[in-house]
Amino acid sequence: MKSVLVVLFLLTGLFANEALLPTELTAWKSLSFVSGAKSANELSNASLVLNNASLVGLHPTPKIQYVTRPTNEGGTVSYGGLFQITLKEKGLYRVVLANASWIDLIKDGKPAQSVAHAQGSENSGIRKMVDYNLDEGTYTLQLSAGADTKSALLVTKLK
Amino acid sequence: MIKYILTIMIYLLVAQPALQAQPALQAQSAQDSIENKAQIELGRRLFYDADLSINGTMSCATCHEQRRSFADGNQAHPGALDDPGKRNVPGLANIGQFKNLTWAHNHLSGLAEQSLMPIRGTNPVEMGMNGHEDEIRKRLGQNGCYQKLFLLAFPKEKGSIHFGTVSRALESFQKTFISNQSLYDQMMEKGTSLPTKNAQRGKKLFFGAAQCNTCHTAPLFSDDDFHQVQPREQKTTDYGLSDVTGNPKDKNVFRTPSLRNAALTSPYWHDGSAKTLIEAIQKHDLKINQTLSHQEITELVAFIDTLSDMTFVNNPKYAKPSKKCPY
């Protein structure tokens, strides 16, 4: 019950102006809760679904064992988490985030290079958008150096 | 004979303190170098540690990325609490050789004092640690490796962790940022020629007719001095040096940035308003810069490209240290 309230609260706060969202980001409106994994072992319980926005729970950085050391791993007082997502086809993908955590997308131990960065428009609830050219397969998505215990997260396909 | 013995005795008397002093001096400098080495190691850890910011989200390296010669590719970088950034992040190649630090300041005592600006500065708030010195002591103090490193680096202060020791370690690390292996440097050293005709012509222009070298003076490619080159029509709230000195003569005056590795540090200008080197060159309110032909600008850019030093941006000594404690 409490978490539903939190979700509702966040929804009203974050998406007050959802009408401003461009169509490819409409999935941003409906959230389900996914608790981040603290290590690779827990990844199966932290799956994201393409085009479905999730409210994600993050953990204190000292409790996390990242698969690959993040470029910005965050201090002891920051938050992060691991997730996984399976992509059925190759293409241009966008990771959309409500907080400013550092994002790494990793396959076979190698982080993908981002191709574009943007900030969300004001009042969209979006803080950060990062685009990647990705292959099909299962990726580990790492969030690190975040300021809060929660964020909203969406992976969507652009092309 | 007596004279001879006297000479020897006098020699011994005079020489003795000197002879004794020498090993002591050596020991002193050996101790200094142990301390300095530990300070560099410590400074490197601190540079990459986001615990220097209020919410653990931001380290020096968040804004100063080695692969971009320690600039960051944004027009301005927001702070840890999302306050908007005020100026473009400058690169840090050869930063230990500058007397004047930041885009427009003329009385910072050095890199130690400068490092406290992002840590606890309020205009803009970057790492947000103003009034939180205790928090830094607490966070770093619970880490065994930091305890060892602070003790080795600052034995006289018994390894005490505070803004003073943190900032001096950051200074020692940043003083090692030497970039002098560009194609241009190889040309100067070995007499090899620059790779393309454009670069060769650009060099001639740079040191000759275009007079870039009068301000972007080799070998630093900055005269470490202040100039007014702002476009006249520009609207701004950042008046550069006069905001520090209060002197109206210093209005719109900024320190010449070094052009070493400039090809890696876009965007340009103190406000990040120039996206490319071409725009930056044309932006100077200088007759020469504004009358350069398209071809001449291409040549100057080709020359500036030869100032990029890949050994600097790939030097493992400046990279994020491994988690393992070095001591």
Side-chain angles (χ1 to χ4, degrees), chain A residues 13-14 36 39 56 58-81 97-104 110-131 142-152, chain B residues 45-68 70 72-85 119 125-129 132 134-146 161 166 266-267 318-324:
Chain A
L14 290 173
S39 68
V56 294
L58 303 173
H59 308 283
T61 300
K63 298 214 163 120
I64 303 173
Q65 275 181 294
Y66 288 106
V67 176
T68 304
R69 202 175 172 206
T71 308
N72 182 359
E73 45 195 328
T76 54
V77 297
S78 67
Y79 299 90
L97 202 58
N99 80 7
S101 300
W102 186 268
I103 302 166
D104 282 303
K110 261 182 39 203
Q113 277 291 322
S114 60
V115 294
H117 290 243
Q119 304 211 349
S121 59
E122 224 172 301
N123 296 325
S124 65
I126 297 173
R127 169 62 177 76
K128 186 171 181 174
M129 300 190 279
V130 186
D131 297 350
Q142 296 185 160
L143 296 184
S144 58
D148 341 86
T149 54
K150 290 192 179 59
S151 179
Chain B
R45 272 181 182 253
L46 293 169
F47 193 88
Y48 285 94
D49 194 335
D51 266 340
L52 292 194
S53 63
I54 187 71
N55 50 10
T57 60
M58 178 171 255
S59 67
C60 308
T62 306
C63 294
H64 297 286
E65 298 177 37
Q66 185 186 5
R67 70 192 175 97
R68 300 178 195 266
F70 295 103
D72 88 329
N74 296 304
Q75 176 164 12
H77 198 117
L81 299 172
D82 263 358
D83 300 78
I119 293 178
V125 173
E126 292 181 314
M127 302 171 97
M129 277 302 195
H132 296 285
D134 278 353
E135 186 62 26
I136 291 202
R137 183 177 303 123
K138 203 178 98 199
R139 290 181 197 171
L140 303 181
Q142 66 196 5
N143 175 313
C145 189
Y146 273 128
I161 301 175
V166 165
S266 72
Y318 309 142
K320 181 158 75 169
S322 89
K323 276 199 162 161
K324 225 180 83 211

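Below, chains carry the letters A, B, ... as their sequence lines are ordered, and counting in each starts from 1.
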Considering residues, nucleotides and ligands other than B:Glu135, do more than 12 of their heavy atoms fall under 6.0 Å from its CD? yes
Spell out the residues in residues 67-80 of chain A that have some non-hydrogen atom less than 4.5 Å away from a non-hydrogen atom of chain B, in order of number; otherwise answer 'none'. A:Arg69, A:Pro70, A:Thr71, A:Asn72, A:Glu73, A:Gly74, A:Gly75, A:Thr76, A:Val77, A:Ser78
So, do A:His117 and B:Asn74 sit near enough that their side-chain heavy atoms are less than 4.5 Å apart? no
Please determine whether the number of non-hydrogen atoms from other residues, nucleotides or ligands lying under 6.0 Å from atom CD of B:Gln142 exceeds 12. yes
Given heavy-atom pairs under 4.5 angstrom as the criterion, report whether the side chain, backbone, both or neither of B:Ile54 touches chain A. backbone
Name the region of B:Glu65, side chain, backbone, both or neither, that has any atom closer than 4.5 Å to a heavy atom of chain A. neither
